[in-house]
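Counting starts at 1 for both ligands and their atoms, following the listed order. Because only heavy atoms are used, hydrogens play no part in the values below, and waters and symmetry mates are left out as well, while side chains stay in.
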Amino acid sequence: MSNLSQVEQIVQDIYEKYRDVTKGEVATYIPELGKANPDHFGICLATVDGHVFTAGNAEEEFTIQSICKPFAFQMALEQHGREETLKHVGVEPSGDAFNAIELEPYTMRPYNAMVNAGAIAVSSLIKQESEEGGVCSFIAKMQRAAGRSLRIDPAVCASEAATGNRNRAIAYLMLNHGIIDGQVDHTLHQYFSQCSLLVTARDLAMMAATLANMGINPVTRDRVFDFRYVRDTLTVMFTCGLYDHAGEWAYHVGLPAKSGVGGGIIAVVNRQLGIAVYSPRLDAKGNSVRGILASRDLASHLGLHAFEFTNVGSSFMQWLGEGELATR
Ligand code: DON
């Protein structure tokens, strides 16, 4: 069996293994999200040399939700540089829930760009003069990372805005401390729109692979992200991407990652590949149950943990080209 078909088989086996898991609940705090089909389950793995492996509902659209946050952070860094961006958002894990109403003591910055407070601060930085200008430039960037044309789900966006009072409270708290400017509704429109972008697991895997590939889309070869800041984005994903599950994730999976309440999870294997799993049933912390299970297995079977020594040495891609895989 070639190494490529071995990977195909591993992805398919993990899909079969967890297909019937029904633990967790679809998010309903944004009513429109409650309409997701709880049984949908898709896995996609995209390598930096353009191979794509899928299983299940990898072409099913759902909203990106919090997985927009690392990409928006990357855009803020590209537009404003490190020094200015870090005046508005920290890089410290909060260990708290994604929607916690809290800021760093002394600096009064949000802890990091992966929690809602930080993502709202970032939205304030990347919004443009017109409301649609900033949203369009976010969509344009994400399209280049996915390698196809994308759109926002207007019903989810309206539902976010209608039920978004906690985010409004966070935004006003940050206005009070001078972290964001006075255009609060404009900033929230940017944030809600970003969360409402429709993507598939395949899109997310390609976006993750673009980060893995130093900012270059592995298929279109488009230089999407400025590689000088990809390191920043991956670092914050590694320490903060799964909120109050970030330590467990780092221990078991060992990869920079981000989850969203739409049911998506992405993980990045630096210089090698992007992983995405979609399954809308969430655990109590708002992370996809089957997303976590499948990611753990992929990391373990393919030796992807950042500190893994056993299976394929330091390079999955090298093995894919030539070596032997000793799966666990
Ligand atoms: O701010 C919110 O409530 C959502 N639009 C995004 C939250 C989210 O995806 C949290 N992630 N697990």
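For the residues Phe98, Phe192, Tyr191, the heavy atom positioned nearest atom 1 (O) of ligand 1 is part of Tyr191.
Between Asn287 and ligand 1, no N or O atom pair is found at a separation short of 3.5 Å. For Val261, a nitrogen or oxygen atom sits less than 3.5 Å from a nitrogen or oxygen atom of ligand 1, counting backbone and side chain alike. Between Lys258 and ligand 1, no N or O atom pair is found at a separation short of 3.5 Å.
Checked against ring-ring contact (aromatic ring centres under 6.0 Å, His included), Phe307 has the following partners two or more places apart in sequence or in another chain: His305. With sequence neighbours excluded, the residues that form a ring-ring contact (aromatic ring centres under 6.0 Å, His included) with Tyr15 are Phe41.
Atoms of ligand 1 lying under 4.0 Å from any heavy atom of Ser66, numbered from 1 in the order shown and given with element: 6 (C), 7 (C), 8 (C), 9 (O), 10 (C), 11 (N). Below 4.0 Å from some heavy atom of Glu160 lie the following atoms of ligand 1, by number and element: 4 (C), 5 (N). Close contacts of ligand 1 with Asn167, meaning ligand atoms under 4.0 Å from a residue heavy atom, involve 1 (O), 2 (C), 3 (O). Close approach of ligand 1 to Tyr243 (heavy-atom distance below 4.0 Å) involves ligand atoms 10 (C), 11 (N), 12 (N). For ligand 1 and Gly286, the ligand atoms under 4.0 Å from any heavy atom of the residue are 12 (N). Counting the atoms of ligand 1 from 1 in the order shown, those under 4.0 Å from a heavy atom of Asn116 are 1 (O), 2 (C), 3 (O).
For the atom pair Gln183 CD and Glu129 CD, the distance stands at 8.5 Å (nearest 0.5 Å). Between Gln194 atom CD and Ile67 atom CD1 the span is 13.5 Å, to the nearest 0.5 Å. The line from CE of Met207 to SG of Cys68 is 10.5 Å long, rounded to the nearest 0.5 Å. Note that CD of Gln272 and CG of Leu304 are 7.5 Å apart. Values are rounded to the nearest 0.5 Å.
Screening Val52, Val7, Leu320, Asn213 for a side-chain contact (heavy atoms from CB on, under 4.5 Å) involving Thr47 leaves a single residue, Leu320.
Heavy-atom contacts from other residues, nucleotides or ligands closer than 6.0 Å to CZ of Arg271 number 12 or fewer.
Using a non-hydrogen distance threshold of 4.0 Å, Asn99 does not register as a contact of ligand 1.
Nearest protein heavy-atom contact of atom 2 (C) of ligand 1 is Tyr29 OH, 3.3 Å. Ranking the protein heavy atoms by distance from atom 4 (C) of ligand 1 puts Gln65 OE1, 3.2 Å first.
Look at Arg228 and Glu78 and you find no salt bridge, because none of the NZ, NE, NH1 or NH2 atoms lies under 4.0 Å from a carboxylate O.
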